[in-house]
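Only one structure is covered here, and it is reproduced in the block below.
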Amino acid sequence: MRSCAFFIIAALAFMVTAGLADFTWVYRSSWGSFGMSDGNFIYPSGIAVAPEAEGDVYVADTNNHRIQYFKGTGSIGSFEGTWG
């Protein structure tokens with residue numbers, strides 16, 4: 001029973017790592033600095049990228065109590081708006 005469980009765990013680990021082998025990160029841009037004005041952050045705590053082709057980026061700016069969003073295409077990382 002123990003060898004069967006080991007085999008299943010090993011097979012799952014192989015499948016997970018094999019699936020990750022095809023994934024590559026692409027660095028596109030960086031932006032922002034410490035502060036309270038548009039495009040700046042104080043303790044950003046979350047990030048999301050829209051699934052559309054534009055791929056707009058949304059950042060939870062915790063200590064400024066807002067969500068900011070940035071362009072994902074064109075002028076990458078340019079500030080688009082905020083709410084909260």
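All values below come from the heavy atoms of this structure, side chains included, with hydrogens, waters and symmetry mates left out. Residue numbers count from 1 along this sequence. Just so it is clear, the structure is predicted and the values come from calculations on it, not from any experiment.
Judged by distance alone, with hydrogens and angles left aside, the side-chain atoms of Thr62 form a donor-acceptor pair with the main-chain N or O of Tyr43 at under 3.5 Å.
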Donor-acceptor pairs under 3.5 Å, side chain of residues 34-42 to any protein atom, not counting sequence neighbours: which ones?
| residue | atom | partner | partner atom | Å |
| --- | --- | --- | --- | --- |
| Ser37 | OG | Asn40 | ND2 | 2.7 |
| Asn40 | OD1 | Ser33 | OG | 3.1 |

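For Asn64, the side chain to side chain donor-acceptor pair (under 3.5 Å) partners at least two apart in sequence or on another chain are Asp61. With sequence neighbours left out, the ring pair (Phe, Tyr, Trp, His ring centres under 6.0 Å) criterion links Tyr69 to Tyr58, Trp83.
From Glu80, atom CD reaches atom CG of Asp56 across 6.5 Å, with rounding to the nearest 0.5 Å. Here the CD atom belonging to Gln68 is positioned 5.0 Å from the OG1 atom belonging to Thr82, to the nearest 0.5 angstrom.
Put simply, Val57 and Phe79 are part of the same group of oily side chains (I, L, V, M, F, W, Y) that touch within less than 4.5 Å, one to the next.
The two atoms that bring Gly55 and Val49 nearest to each other are O-CG1, 3.6 Å, heavy atoms only.
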